[in-house]
Each structure stands twice: as C-alpha cells, then as structure tokens.
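First comes the structure, then the notes that go with it.
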Amino acid sequence: MGNCSQGCKDYFSRQKNTNIRLTLPVVCFVWQIAMIILFGVFIRYDKESNAHWVETKAHDNITSDIENDFYFRYPSFQDVHVMIFVGFGFLMTFLKRYSFGAVGFNFLIASFGLQWALLMQGWFHSLDPQTGKIFIGVESLINADFCVAGCLIAYGAVLGKVSPVQLLVMTLFGVTLFAVEEYIILNLLHARDAGGSMVIHTFGGYYGLAISRVLYRPNLHQSKRMQGSVYHSDTFAMIGTLFLWMFWPSFNSAITDHGDGQHRAVINTYLCLASTVLTTVAISSLSQKTGKLDMVHIQNSTLAGGVALGTAAEFMISPYGALIVGFFCGIISTMGYIFISPFLEKTLKIQDTCGIHNLHAMPGVIGGIVGAITAAAASESVYGKQGLINTFDFTGDFKDRTVLTQGGYQAAGMCVSIVFGVVGGAIVGSILKLPIWGDPADENCFDDEVYWEVREPATHHLISSQLPDEEEEHQESIPPILEYNNHMIHKQQDL
Amino acid sequence: MGNCSQGCKDYFSRQKNTNIRLTLPVVCFVWQIAMIILFGVFIRYDKESNAHWVETKAHDNITSDIENDFYFRYPSFQDVHVMIFVGFGFLMTFLKRYSFGAVGFNFLIASFGLQWALLMQGWFHSLDPQTGKIFIGVESLINADFCVAGCLIAYGAVLGKVSPVQLLVMTLFGVTLFAVEEYIILNLLHARDAGGSMVIHTFGGYYGLAISRVLYRPNLHQSKRMQGSVYHSDTFAMIGTLFLWMFWPSFNSAITDHGDGQHRAVINTYLCLASTVLTTVAISSLSQKTGKLDMVHIQNSTLAGGVALGTAAEFMISPYGALIVGFFCGIISTMGYIFISPFLEKTLKIQDTCGIHNLHAMPGVIGGIVGAITAAAASESVYGKQGLINTFDFTGDFKDRTVLTQGGYQAAGMCVSIVFGVVGGAIVGSILKLPIWGDPADENCFDDEVYWEVREPATHHLISSQLPDEEEEHQESIPPILEYNNHMIHKQQDL
Amino acid sequence: MGNCSQGCKDYFSRQKNTNIRLTLPVVCFVWQIAMIILFGVFIRYDKESNAHWVETKAHDNITSDIENDFYFRYPSFQDVHVMIFVGFGFLMTFLKRYSFGAVGFNFLIASFGLQWALLMQGWFHSLDPQTGKIFIGVESLINADFCVAGCLIAYGAVLGKVSPVQLLVMTLFGVTLFAVEEYIILNLLHARDAGGSMVIHTFGGYYGLAISRVLYRPNLHQSKRMQGSVYHSDTFAMIGTLFLWMFWPSFNSAITDHGDGQHRAVINTYLCLASTVLTTVAISSLSQKTGKLDMVHIQNSTLAGGVALGTAAEFMISPYGALIVGFFCGIISTMGYIFISPFLEKTLKIQDTCGIHNLHAMPGVIGGIVGAITAAAASESVYGKQGLINTFDFTGDFKDRTVLTQGGYQAAGMCVSIVFGVVGGAIVGSILKLPIWGDPADENCFDDEVYWEVREPATHHLISSQLPDEEEEHQESIPPILEYNNHMIHKQQDL
C-alpha cells in the first residue's frame, strides 16, 4: 500500500460520498409531512366510501350495498397492486447483487409516488370546483398505482446507478409530469388509453431513457463484475415477470368502462400476451449459435404484448388482431435486446439497465399507433351505434367527433407522451446530476452494499474477475476460501 | 486426453445433438401463425364481451353493466391463471439446476396450449352451428387454462428429460386429446367434473406417465449428480406449492354453477386441503428414522386433496366428508412417494420426475371414485328437489336420469380419461422418440445449460460426485475454487 | 476424540432428543380424526352454500344467483388466504437456514388451526340454538384464517426454537383462547375490531412473547452462527413482506359491512401503509453511521401501519388521519427493532426471533388506542345519523350506546386482549416447557437440519465461525472444499 500506482490513484479519485444518512431521512420525513398536510387540506372520501352513503345511495337509485363500485373494481385493483410492488420489484432482481435495491427502492418510491399521485391526479382530473376537495375511491387508487408505474418503468433504466434520494426526486417530478401529460392526452385531446400504452409506458420509458442519457457514466465498465445475473437471481426475476404477465389483463381493463369493455380488454390482453411468448422464444433461440434461450428475453420481451395493447385492449380489435399485435411485439422487443440496446449504449450513450426501451418505450409507441389505427378504423357495423359511442365516449363536447378524427387525436396523444418523456427526463436528469444526491461511484454501481446493510458479504472471489496479478498469485498459495472464512469470523465477531 | 478409455468412448457415443436453433423457432413461428389464421376464421367475442352488448343485454333482461358475467368469473379466473403459470411453474423448480426449464418451458407450453385449447374446446363444445364461429368470454379463458393444466401435469413426469420442441409437440397432442375426452365425458356421458379430477388430473397424469414410459432412459443415473434439490431450489418450489394450495378452491369452483354450487365447492376444497396437510406431515415424519420431514412430500402430497375433490367439490359431500377425503389422500399420496414411485421406476420403467403419479394420477382416480359414489348417493332430502336437478344438471336430454345412473356414468367417465391418457400418451410418446427433437443425452438431463444461456456456471465441483480418480488427485494439488475462478474469468472475457 | 475436554462434555450434556417420529404423527392423526368427528357432529353448510338455496333464496327476496354473498367476500378471502400462507410463511424465511421450518411449519399449523378455529368460533359466535349446528360460509373461512393469524404471529416470537409438536400445541391453545377473547371483545363488550388490531395482533403478539419468555434460553448464543440472514433468504422474506403489505387492505376490510365500510377500510389501510414505508426508511437510514438501510426494518416495520389501523380502518378516520397513523407506526416500529428488542432480550429475557413486539404487539396496542379515540370522537355530522348507527352497529341491545361509551368499551377490549395474551401465553408456555415435545438444543436452534431432511448440507464452513483451533489448522492443510466434496459423495451414495 506504500507506493500508490496510477490505478490506485484512479481508485481514490473515483470515490464518491454515498452517505445518505442526512438526505434520505430528511426527504422522507419532510415529504411525508407535506403529504399529510396536503391530504388534510384536499383529500376526502368519495360518495361510495363515505359513511353518508347510506343516505346518498338512495338518492342515486342504488338499492343494495353490493352495488358499491368497490366490488367491481377491487379485484382488478389488487392485481394491479401486485404488479406494482411484486411485479416491478422482482422483475428487477435479476442482477446478482442488487435484489435489495430492486425490491426495496421500488417499494419506497411506489409508496411515496402513490400519495403524490392521488394529489396530482386529483388536482388535474377530479378537483371539485365547489368544495375545492378531491374525493377518492377505489378507482383513484388504481389511477395512483398506474401513475406510479410510469416512474417504476423509468427506474428500470437507471437501476443500480442512482441513490434512493435521486429515485425519490425522480418520482416526485415523474408523477407531476405524468399528471399533466395524462390530463392533456385524456381530457384535452380526449384520446382513449385505458391500459396506458402512451400515458404510462411511452412516457415512463422515454422519461427513464432521457434521465439515463443525462446521467451517462463513461466508466460504468468498472462495475462490470456486478453486472449480469446469477442463477437464483434470474429465478427471482421470473416471479416478477410472471406476476406482471398474469395480471396484465387486469392492468389493461382496470379502469375501462364496466361491462363489455372491461370483459373485452381482458380477452385481448390475455391472447396478445400468449402470442408474444412464442415469438420471444423463437427469436431468443435464433439469436444463439446452438439455439439456447436467454433469460433476459424471457423475463422481459414476453411482456411487450401487454404494453402494446394498452390503448387498443378495450377496442374491437378482435381476437386474431390481438394475436397479431403480440406476434410482432415479441419479435421486435427481443430483437431490441439483441441489436438496439447495444446500439443505444454505444452510439447514443444511453445505458439502460433493464432494457426498458425494448419492454416499454418501443412497445408503448407501437401501442399508440395500434390504438390510433384501430380507432380510425372503427365502424358502427362492428361496434353498434351505441357501442361506438360508449367505447370512444363520444359524448358531451365530443359527441360529433368521427372515428377518423379520434384516430388523429390518438396519434397526437402519443406525440405528447414522447415529448413529455424526453424533455421532462432531460430536465430532471440535469437536476439529478448535481453532486449532492449520494449516487455511487462507477465501480460501485449495481452493488447493494452501498445503500444496504448486507450481512453476508458477496462471495467476492466468485464474482470479481479482474484482480490484479499480485492477488492472483496470493490466491495460489492460500486457498481463497480460507480468506473468506477469516472474513466471516471477523464479521460475526463484530456483531 | 491422448488415449481414450472405454468410459471416454461411452462419453462420446452418448453425445446427442441438442441444437434446437432451427426446430424451436420454426415450430414457434409456424404454430403461432397457424393460430392467428385459425383465430381469424373461427374466434369471435361472445355476447358479453362484444361492443353490441349495450343493445343485446336489454334483450336478455340485463339492466346493468355490473351484471356482466365477467365480474363473477374473473377473480376465480385470475386465481387459476396464477396456478397455471406460477403454481405449476415454480412447483417444478425444486431441481438444483432446472429452474429455468421448469418456469420457462412451463411458460412457453402454457402460452401455446391456451390458444390451441380455445380452438379445440371451441370446436367441440361451443361451435355455433349457424355462423360456424366460436364465441369466447371469460369462461372460455378458464376452460383454456384448465385444458393447459392437463399438459403441464404431464410435463411433470418428463421434467428435465425432454427438449422444448418435444414439450410443444406433447402439448399440441395433449390439448387435442383433452378436448375430445372432455367432450365425451362432459357432453356425451354427461358426467359432472367441475374441478377436473378425471378430465384434467387423471388424464394428464396417465398421459404423462405413458409418455415417460415410452421415453424410458435406462442410463438416467448418469445425470444423478443433477437430480435432487438444493436448499434454495426447495424454497422456490414452495412458492409453487403454496399458490396451488391456496387457489385450489378457486380451481374447483371456477366453472361450477353460480350461487350455492360455487360457494360450496370453495368450502369443500378449503377443508379437504387443510386435512391433507396434516396427514402428509404425519406420514412423512413416520417414514424417516428420526421423524424428520421430507420437502418432496410437503411440496406435493399436500395438494392431493384438491385433486381428489375435483369432481365432488360442488356436491353436498358435507364438510366432514371433505375432511375425510383429504385425510386419506394425504396418506396415499405420501406413501406413493415413499413406496410406489421407486416401484414404478424399477418394475414398470416409468421415470416420473415430479411424482405426478402420486400427486395427480392416483388422487385423480380417487376423485373420480368419490365423485361417482357421492353422485350415486345423492338424494332429494339432502339437495332439495330443485337443488338436485341444478347440481347434476338433470335437464334436457338428461331430465329423467337417476342419481344411480349418474354414478355409473361418472365411473364410466373416469375410465374414459384413463384410456385416453394411457393410449394417447403411448402414441405421442412414440412420436417423441423420433431422433429429431433435440432431446438431451442421459448424462445431461436435468441441466439448464443444455437449453439456456446460464451466465453463472454451476459450481460444478459442489454438485458432481462421480469424478474419475485422476481428477480427484488433480484437485488435491490445485484448490478447485481457483479452477473455477479461471473458468469465470474466461467466461466473462467472452462476454 | 479420545480425551473429551470440558467443552466436549458440555456438548454432550446439551444434546436433546429431537426425535419426533412418534409424537408428530400421533398428534397429526389423532387431532385430524378428532376434527373429522367434530365436524361430522357440528358443522354444516350455511344457507348460501347449501343446495337448498335455490328454494330458500326466494324466501329471502334474493332473485339472482349472483347475489350470493360468495361474490362479495371471496376476492378478499383469497387475499387474506395468501397473507396467511405466503405472507406469514415467507416473511419468516429470512434466517439463513430455517426457510423450510418457516414456510413448512407455518403451513402445518395454519392448516390445523383453521379447522379448529371453525369449530371454536362456531361454538362461540354462531352455534344455532335450535339445531345445535354451526353453519359455515365464506365469511366463516375468513374468520378462521383471521384466528389462525393470531397463532402465526406468536410463532414469529419462537421461530427456530421450538419443535413442530410444540407449535401444534401452541396453536390448539392459541385458537381456543382467541375464540374466547374474541367473543368477549366483539360480542359482550360490543367493541368494533374488523381488522383485528386488538383481537388478532395484540393478543397474538403478547401470547407469543409470553410463551417466548417462559421458554427463555440463556445459552441461545450457542446457535449464533445460524442467526441472521443470507442474501437470498432476505430476498425470499421480501416475498412475504410484499404480499402482506399489498393485501393488508383486504385483511382490514374482509369482514366489515358491505358497502361504504368495506370501501373505506381499503382506502385507509392503503394510505396508512404507504406512509409507514417512508418513515420506516427514514428511521432505518438514521440508525446507521452511513445511512445504510437494514432489511430487517424494511421487511417488518413497513407493515406496522396495517396492524395499527385494524380497528379504525372502517371508521371515518379520514385519509390524512390514516397517513398520520402510518407515519408514527413506521417510526415506533423501527425504533422498536433498534432499541426495544435488545432491551427486552437483556432485561426481560424475552427472545423474540422475528421482533413481533415491534410488528404486532406495539402497533396492535396503538391500533386499539386509535380505535378507542376515533370511536369516542365520532359524530353524526361526520358519519350521518344512519351512518353512525351502521358503522358502530348501534342496534338491538346496544341501540342506546353513545360514542363515548363505545370508546370506553373499545379501550376495555384492548385490555382484555392483552390479558388473554399474557396470561394465556404464560400458561401455555409452562406446558411447552415439559421435556416431552422434542424441542432442539440451544446450539441447534434456527437449523432446519433438526426437523427436515436437508439434501444439500449447509456449506458449514461458510456459516460456522467458532471452530476449535484444531479444525482450523486441519483446514489449512486440506482445502475445505474437498472435505465438502467427500461429504457430498458420501451422502449421494447413501441415496
């Protein structure tokens, strides 16, 4: 240690302060107190969750407690809730030593995000002008979870490279931007997007990619030893994949109109996702010399069909139409992992840890296009006169809108979501570049030990491959496992 | 390596071509395209998922969107869906190095199978004679998942010994056979089998066992090092076990008649499964010298009660009746693992990786018998006059059937399912024996590295126990962990 | 081995007989047979799950099968069911080598407990005086699961230190005590406690802590090497945490009145839990020098808000009120892990493996207090005249009760649950102290190998830190991994 070589100097210059003992608690406390105050001022129970319902329901011609909307939204809500916390959380556990960060930070930012989303979405979508209050019910909870999904998608791009404080900042702005673009797309443009191809996936995808671009780390290869998966971490990730895949029909139908719309959205999503699995497997196998499958593709690209049907799921796209969408999404998403992700990293300097470009951004755009086309192609013969009005909500200010116009507004909506994602992400990325957030050094990325008490040290001899020569020699004389044991003894004595 | 001994020659002669880079993508693409075409020709939304519902529901005296059948089937559907993908998938992850294959191939064949099932079941059960179309809704999705379950059960018998292409072929024929036997049992014989003791479990069990018999591998002991579990793989398998166990009440009630039938099926299955757990634990503990429990039993035999109540769950078997069924199933299934499985392997040459004979085939047959007896013993005093008619659907052509006759037809149904399983499995097994499917060599069974890119090599020194003597000596001079490190370095440089 | 030192003598004197080959099967068989007999005598289907419903529903003015209560309780039931088996089971898998015991024994005692709970709760709450029968439906199943939850909480305190036979005895008495205290609190005192802050969590918490106190092990440090977690066991535990967290809104609303009550309980619990996550993270980060997070806190304290809202969830506590409860519970529970648990162990000799004092007992008491205060503060202006009557069920004998009186009875209810927990636990603990139950020696605690066939031996060199000197030297001459290999070969040849 006496004479410090160039490499050693680099080592020390790379050190960053990842101490978040001040910032993280302060942010959590201050923001949570702010939430309490804002909820106190603005948020109230809606009619159906208020104890006065026993009186108001009579006024609304509701005769029985079991007609409460709770019973017709809650099962879908719980499925969506599982997607947000278990689905997104475990999908990101694939890295060999970032499972705590994947599941834990996902948990943290979703829990903050859903509170902020209830406020932001409330102000934009359901503020009662008379009372100045926001009335929430089970549908608001679903919408809050949806809003959070956009931010969790963005987390996928920067997984392992940011601090929890940065993630909270990302979520604060992400939810804010989400509520605005959602308001523009759904309310002003009156585009339909029940499963959020545009509003959630396109926005969330580009938001994350833009942030990742601004936070580009030229020396990320220094934590190469921590990249990639181990056997059990890939198995954990499949828990996330499967819960997302299974409950995606609930995601795309959770807030569609009751009745045939919700029913149809489930059938379409179910079929589309099944189709995606087969083409994902096909392309994954084609991409290897001996036809072996790659877990990265199976974990991610199998979900692309659900993303791409987010807009059109409630439309009369017909069962074979859903299969076709899934067919192409599986192909495109898997090829994205093979060809586009390396290109993005090398050429555009976008380091996308989870490949959200392939799972959310691209399929989201496809979903927007599919939605625009199927909307423009809708007809009374397929939907029925009243069915067409119901499906596209051609009522009130929009009662004279034609399906062609609707298609145009759908396309416009997609552009809005891309612009909000890219521009918003660039701005937020710049904020996150400030050297105050406790982000890890390049060589400590993807390592839980930076932000978590890890009781069992990584079996570091098994994962580090670029040891200097001296250590290599050292190992030959003393079996490394002993060194490890000593380390353990040391650790345990400390406890 | 210069002079190749006899063992070494054996080694090379055992080599098989497991390259599936051509066959797997071709099968996936061609079949998926076929699905799209067939769906385009045949499959349409049913009344309640069609945008025209706003008009047709008035005709059917439905006044509110929340009376859509979607709301009364969908929660059960989602539970069944979880059982198919997480339940079956993770139950099979118990092997130390076959978790990718367990979860991944389960995912693949279920995704293909459910599409094919919608077509096959549609043609046999719900083809509209006027339009020549199949109209699908949420109940069709449940039935498709059920149909797939039969094939996933069969997968359990051949787990680790077949290629994904073989699995897809197995699923193609399995779904086809399933739809035919289901048509015979439910429509022609008019047997009741809401939870599929006969239709799903007995058929699926014998189908898998027959295939495994035809594909018998006399030298399977060569991959002995890969058999058995490791600590975490057993824990992963418990995820599968528990989701199957918890949601089995939904499985047995998902397509029963609305109202008391569905309610009763849940209660019976819930009780039966609880009882099974206690007797499984008892027998498992009895089977070991010191009373230790065996995870194999806990993972599998605890589920036997759900299988055995598949037929009778909707009947008035009474709560204590359900407990009795569970009581004996736990005993029989666990003793199956201890005594019958080794016997089947040695004497009948049936290699049954997951022990589906103990979990599905035997309990399925018990379920068929229990169903026949409880049907034959049904009476108006227990069911009520109309209740009896409703429960056994004694309407239309069957309105004069007596409960005794019904019992006979139930028994006949069970025989049909066994015959279809055994004969169908024997034929499909012969097809799968063709040397074109890329199945693994005996010594590479139960190893994910054959069909999956495994980033982290198995810590092979920890799992291989039958090294030739030379290597053993070699190890003493160089610590094996170093060899491993070198291997890692090599691997990572390739990336 | 020739000359046995003092330490070696200690070793042998510490040996205990953990052979449960007689006791465990006998208890399982006898109790299960007793259940069958008692179910045969007492338990029948209720009106809505009886085939006679087709006749009786007309009498009750029910016009459609889809009005069966099944459809409005079953989704919540399944969520609760997942919490009981996956939630509690996996939450306790955090120990490095006790995952089988955590998930497996949880499975066993829950399966027994729910049967016994149906009987005990039936006798106390719903025995039909005319027929002498207990009529069960889906709501009974939820209540049985709830009752079991109390015992699973208690399991958390003694995790790793007791035999499965002891656990079954604990559950037998636990369920019995539960039914009695529940009867006193809900029926006699007419306190409200839909989510069981008092009835489930306070009782279960103190019951477990009292048992743990009686079973105090002064030499528990001898199994120190088995305490603590490893990386993947902490990830498994997060599966439990998240399923508990996500489905807690279902837990607190599962048996509340249909309509606005159930709707409101979900919203309150959802918000409260979100708030808890932020303050848990804040305190956890504050407690470490560099602000690192501790998985123990994230796994447990994030759930405290759900516990604390068990009583008040259905009240008009208002959204910001729910956030405030969560805010403080996150702080208190996390500080409990940091400060109170070590104090309890050192001073009061309560060894609480999972920290149930911080997750259930304390938050449960908080929940009782919050419930009493919010009940006492209820007013007609907030609830509406009829809403107040409905929410607190001021009907029949209690129609003249004021909210202040109700608050008093709520507080009395909490005292009852504490007394039942402490006194009941002390008595049951004394029974469990008898030397006949096969509990493990101090140095074998927290080790699955005592009660489970573990195929893969623990990589014991990695987890044992207190080897005698001789062995340490031995290791330096022979690489330990070889020893391990030999052990494996030996093991596999035995199979």
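Below, chain A is the first sequence line, B the second, and so on; all start at residue 1. FYI, side chains are in, hydrogens and waters are out, and symmetry mates aren't considered; it's all heavy atoms of this structure.
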To the nearest 0.5 Å, how far apart are [atom1] in [X] and [atom2] in [Y]?
X	Y	atom1	atom2	value
B/E67	A/E67	CD	CD	8.5 Å
A/N390	B/D65	CG	CG	7.5 Å
B/R455	A/D294	CZ	CG	4.5 Å
B/I109	A/L278	CD1	CG	11.0 Å
B/R21	A/S284	CZ	OG	11.0 Å
B/N50	A/S318	CG	OG	11.0 Å

Tell me which of these, [options], has more heavy-atom pairs under 4.5 Å with chain B than the rest.
options	value
A/H232, A/Q386, A/M238, A/K385	A/H232
A/A282, A/G387, A/S287	A/A282
A/L273, A/T279, A/V382, A/D257	A/V382
A/I283, A/I267, A/L286	A/L286

Give, as side chain, backbone, both or neither, the part of [X] having an atom under 4.5 angstrom from any heavy atom of chain A.
X	value
B/F236	side chain
B/N68	side chain
B/L118	side chain
B/D145	both
B/F42	neither
B/Q115	side chain
B/V450	backbone
B/F112	both

**Request:** Measure from the ring center of B/Y45 to the ring center of A/H263 and say whether it is less than 6.0 Å.
**Result:**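 Ring-ring flag for B/Y45/A/H263: false, centres at least 6.0 Å apart.
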
Does atom [atom1] of [X] have more than 12 heavy-atom neighbours from other groups under 6.0 Å away?
X	atom1	answer
B/K133	NZ	yes
A/M335	CE	no
A/Y320	OH	no

Between [X] and chain B, with a heavy-atom cut-off of 4.5 Å, which part of the residue counts as in contact: side chain, backbone, both or neither?
X	result
A/F247	both
A/T241	side chain
A/T302	side chain
A/I389	neither
A/I331	side chain
A/D79	side chain
A/S233	neither

**Prompt:** Counting distance only, does the side-chain N/O of B/Q78 pair as donor-acceptor with the main-chain N or O of A/M246 below 3.5 Å?
**Reply:**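 The answer is yes, because a donor-acceptor pair under 3.5 Å joins these two groups.
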
**Prompt:** Just by distance, do the side chain of A/R264 and the backbone of B/S49 share a donor-acceptor pair under 3.5 Å?
**Reply:**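 Here the side-chain-to-backbone pair exists.
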
Any idea which heavy atoms bring [X] and [Y] closest together, and the distance?
X	Y	value
B/S111	A/W245	OG-CZ2, 3.7 Å
B/A51	A/D260	CA-OD2, 3.4 Å
A/K292	B/E453	CD-OE2, 3.6 Å
A/G291	B/I20	O-CG1, 3.6 Å

**Message:** Students often mix this up, so state it plainly: with edges at 30° and 60°, are the rings of B/F72 and A/F72 parallel, tilted or perpendicular?
**Reply:**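 Rings of B/F72 and A/F72: perpendicular, over 60°.
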
Do [X] and [Y] have side chains that approach each other closer than 4.5 Å (heavy atoms only, starting at C-beta)?
X	Y	result
A/F327	B/F29	yes
B/Y451	A/L293	no
A/I239	B/F90	yes
B/F39	A/I324	no
A/Y270	B/H81	yes

For each of [options], tally heavy-atom pairs with chain A at distances under 4.5 Å, and name the one with the top tally.
options	value
B/G40, B/S99, B/P75	B/S99
B/V27, B/V103, B/V86	B/V86
B/F77, B/W31, B/W53, B/F107	B/F107
B/L168, B/V82, B/T18	B/V82

**Request:** Quick one: which residue pairs count as a side-chain hydrogen bond (donor to acceptor under 3.5 Å, both in side chains) with a foot in residues 82-92 of chain B, not counting sequence neighbours?
**Result:**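 Residue pairs passing side-chain hydrogen bond (donor to acceptor under 3.5 Å, both in side chains), neighbours aside: none found.
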
**Request:** May I have the step-by-step check of side-chain contact (heavy atoms from CB on, under 4.5 Å) for B/F100 and A/I298, ending in yes or no?
**Result:** CA-CA 10 Å; B/F100 295 180; A/I298 308 300; over 6 Å; no

**Asked** When you look at A/L323 and B/Q32, which way does the side-chain contact (heavy atoms from CB on, under 4.5 Å) test go after all the steps?
**Response** CA-CA 8 Å; A/L323 290 182; B/Q32 187 57 55; 4.1 Å; yes

**Request:** Check the pair B/Y74 / A/S250 against side-chain hydrogen bond (donor to acceptor under 3.5 Å, both in side chains), numbers first and verdict last.
**Result:** CA-CA 9 Å; B/Y74 190 63; A/S250 301; 2.6 Å; yes

